[in-house]
Participant: 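Here it is, the structure in full.
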Amino acid sequence: MSEGFDSKALFKLGYGLYVLTSNDGTRDNGMIVNSVLQAASSPVRIAVSINKANYTHDTVKRTGVFNLNCLTEDAPFAVFKQFGFVSGKDTDKFSGEQVFHSGNGIAILSGSINSFLSLRVVDHLDLGSHGMFICEVTDAAVLNDKPTMSYAYYHANVKPKAKPKATKGYICKICGYIYEGETLPDDFVCPICKHPASDFEPIR
C-alpha cells in the first residue's frame with residue numbers, strides 16, 4: 001500500500017451481508033460474509049471470498065458446496081453474534097435450533113433472510129489472506145420482498161455502538177473489538193472478525 005492509501009475508502013464500496021452455510025461432514029455450520037458478487041451472467045457465476053483464517057474456508061474448499069442466505073434489514077444483532085463472533089471449529093452454531101435444509105443438504109436459515117442460493121464451487125483463487133470461490137448456482141429461491149441488509153445499514157442501525165472503557169487502546173472499525181495497550185502490533189489480527197491492524201483506530 002502507498003503512504004497515501006486511506007483504508008476508509010474501502011468502506012465506501014457497496015456490500016450486502018449474508019450467512020454462508022456449509023457442512024463439514026458431521027454438522028451444519030454458518031458464518032457471516034460480505035464479499036459476494038455476481039461475476040458473470042452466461043453462465044451465471046457467483047464469486048465469494050472467505051478469509052483463510054476461518055474454519056469455513058477449508059470446509060468449502062474440501063466439500064465444494066454451500067448456501068448463501070441473504071440477510072434482511074430486520075435481522076437482529078443476535079444473528080451476527082451467532083454466526084460471526086465464534087468459530088464453527090469448536091462451536092455448534094445451530095445447536096438447539098430446528099434446522100432446515102435445501103436440496104443440496106446444506107442448512108438455510110429459518111428467518112431473517114429474503115432468499116437463498118445453493119452454490120457449487122467450480123474454481124478457487126488464492127488471494128493471499130482470502131480464498132475466492134467461483135461458483136455455479138444449483139438452486140435459488142426468493143422467500144419474501146424485505147430489503148437486503150447492506151454493510152452500511154448494519155453499521156448504522158444494527159451493530160451496537162462501542163463504549164470503550166480503556167483509556168488507552170485501539171478499537172476495530174469492523175466489529176468493535178477493543179485492544180488495550182499503548183501500541184498495536186503491526187501484525188495484529190482481530191480475534192473476532194479477523195481483520196488486520198490497519199482496520200483499528202486509536203480510542204479517543
Side-chain angles (χ1 to χ4, degrees), residues 15-36 46-121 124 129-133 135 137-141 143-144 146 148-149 151 153-155 158-160 162 172 174-179 188-196 199:
Y15 297 95
L17 283 168
Y18 314 86
V19 173
L20 185 159
T21 48
S22 61
N23 189 294
D24 64 5
T26 60
R27 66 183 180 208
D28 296 306
N29 190 29
M31 68 170 289
I32 301 292
V33 294
N34 66 355
S35 299
V36 176
I46 305 295
V48 182
S49 289
I50 305 176
N51 193 312
K52 292 179 185 176
N54 288 315
Y55 178 64
T56 299
H57 176 273
D58 291 344
T59 297
V60 170
K61 192 173 182 182
R62 176 170 52 83
T63 64
V65 291
F66 62 95
N67 287 343
L68 280 177
N69 299 261
C70 301
L71 291 170
T72 53
E73 288 183 350
D74 60 1
F77 184 65
V79 171
F80 294 89
K81 289 178 65 177
Q82 178 181 359
F83 294 106
F85 289 6
V86 292
S87 172
K89 187 174 184 178
D90 48 31
T91 303
D92 183 354
K93 297 187 182 183
F94 286 95
S95 178
E97 292 190 18
Q98 181 180 6
V99 183
F100 300 90
H101 297 86
S102 60
N104 64 357
I106 304 298
I108 56 174
L109 271 62
S110 59
S112 301
I113 64 172
N114 58 22
S115 59
F116 75 88
L117 291 84
S118 295
L119 303 175
R120 186 179 72 83
V121 177
H124 174 266
S129 63
H130 288 60
M132 176 177 281
F133 296 90
C135 309
V137 180
T138 59
D139 192 12
L143 307 177
N144 57 66
K146 294 179 180 180
T148 298
M149 185 181 293
Y151 197 57
Y153 185 94
Y154 166 76
H155 278 277
V158 180
K159 187 180 82 168
C172 177
I174 306 302
C175 71
Y177 173 81
I178 295 173
Y179 174 90
F188 186 77
V189 175
C190 179
I192 302 298
C193 67
K194 311 301 182 185
H195 279 247
D199 284 327

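The analysis underlying the following values was restricted to heavy atoms, covering all of them including side chains, and did not include hydrogens, waters or symmetry mates.
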Participant: Compare all side-chain heavy atoms of M149 with those of V158 and state whether any distance is below 4.5 angstrom.
Facilitator: yes
Participant: Would L17 and Y151 satisfy side chain to side chain contact (heavy atoms under 4.5 Å, CB included), going step by step from the backbone distance to the final call?
Facilitator: CA-CA 6 Å; L17 283 168; Y151 197 57; 3.9 Å; yes
Participant: Do you see a donor-acceptor pair shorter than 3.5 Å between the side chains of N23 and D28?
Facilitator: yes
Participant: Hey, could you give me the OG/CD1 distance between S118 and I46, rounded to the nearest 0.5 Å?
Facilitator: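 Going from the OG atom of S118 to the CD1 atom of I46 covers 12.0 Å.
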Participant: Drop me the distance from I113's CD1 to N69's CG, to the nearest 0.5 angstrom.
Facilitator: 4.5 Å
Participant: Please name the pair of heavy atoms, one in G88 and one in Y55, separated by the smallest distance, quoted to 0.1 Å.
Facilitator: C-CD2, 3.7 Å
Participant: If you take all heavy atoms of K194 and A53, which pair is closest and at what distance?
Facilitator: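 So the two residues come closest at CD-CB, 4.3 Å.
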Participant: Between D24 and T26, do the side chains contain a donor N or O and an acceptor N or O under 3.5 Å apart?
Facilitator: yes
Participant: Looking only at non-hydrogen atoms, find the nearest pair between C172 and C193 and report the distance.
Facilitator: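 Answer, listing the atom of C172 first, then C193: SG-SG, 3.6 Å.
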Participant: So, F116 versus F100, ring centres under 6.0 angstrom or not?
Facilitator: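 Centroid distance F116-F100: not below 6.0 Å, so no.
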Participant: Please determine whether side chain to side chain contact (heavy atoms under 4.5 Å, CB included) holds for the pair F133 and K61, giving the CA-CA distance in whole Å, both sets of side-chain angles, and the decisive distance to 0.1 Å.
Facilitator: CA-CA 8 Å; F133 296 90; K61 192 173 182 182; 3.9 Å; yes
Participant: To the nearest 0.5 angstrom, please state how far the CG atom of N34 sits from the CD1 atom of I32.
Facilitator: 9.5 Å
Participant: Do N67 and S102 get their side chains close enough for a donor-acceptor pair, meaning under 3.5 Å?
Facilitator: yes
Participant: What's the verdict on ring pair (Phe, Tyr, Trp, His ring centres under 6.0 Å) for Y179 and F188, showing C-alpha distance, side-chain angles and the deciding distance?
Facilitator: CA-CA 10 Å; Y179 174 90; F188 186 77; 4.9 Å; yes
Participant: State, yes or no, whether a side-chain contact exists between L119 and V137 at a heavy-atom distance under 4.5 Å.
Facilitator: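 Result yes, sub-4.5 Å side-chain heavy-atom pair found.
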Participant: Any donor and acceptor pair, going by atom type alone, linking the side chain of T72 with main-chain N or O of K146 inside 3.5 Å?
Facilitator: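 Not a single qualifying donor-acceptor pair exists.
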Participant: Quick one: are L109 and L71 in side-chain contact, heavy atoms under 4.5 Å?
Facilitator: yes
Participant: Please assess L20 against I50 for the test side chain to side chain contact (heavy atoms under 4.5 Å, CB included), listing each intermediate value before the final yes or no.
Facilitator: CA-CA 10 Å; L20 185 159; I50 305 176; 3.7 Å; yes
Participant: Check the pair D139, N104 against side chain to side chain contact (heavy atoms under 4.5 Å, CB included), reporting the backbone distance first and the verdict last.
Facilitator: CA-CA 8 Å; D139 192 12; N104 64 357; over 6 Å; no
Participant: Please report the shortest heavy-atom distance between K93 and V86, naming the atom on each side.
Facilitator: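 So the minimum-distance heavy-atom pair works out to NZ-O, 2.9 Å.
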Participant: What pair of heavy atoms forms the shortest contact from I174 to K159, and how long is it?
Facilitator: O-NZ, 3.4 Å
Participant: Apply ring pair (Phe, Tyr, Trp, His ring centres under 6.0 Å) to residues Y177 and F85 and explain how you reach the verdict.
Facilitator: CA-CA 10 Å; Y177 173 81; F85 289 6; over 10 Å; no
Participant: Is the distance between the ring centroids of Y15 and Y154 under 6.0 Å?
Facilitator: no
Participant: Quick check: are there more than 12 heavy atoms from other residues, nucleotides or ligands sitting under 6.0 Å from NZ of K89?
Facilitator: no
Participant: Enter the distance from C135:SG to H124:NE2 here, rounded to the nearest 0.5 Å.
Facilitator: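 Between atom SG of C135 and atom NE2 of H124 there are 10.0 Å.
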Participant: Say you draw a straight line from SG of C175 to NE2 of H195; how long is it, rounded to the nearest 0.5 Å?
Facilitator: 8.0 Å
Participant: To the nearest 0.5 Å, how far apart are CD in E97 and OG in S110?
Facilitator: 6.0 Å
Participant: Please report the closest heavy-atom contact between T56 and M31, naming both atoms and the distance.
Facilitator: CB-SD, 3.3 Å
Participant: Yes or no on side-chain hydrogen bond (donor to acceptor under 3.5 Å, both in side chains) for T21 and N29, after CA distance, side-chain angles and deciding distance?
Facilitator: CA-CA 6 Å; T21 48; N29 190 29; over 6 Å; no
Participant: Can you find a pair of side-chain heavy atoms, one from R62 and one from H57, that are under 4.5 Å apart?
Facilitator: no
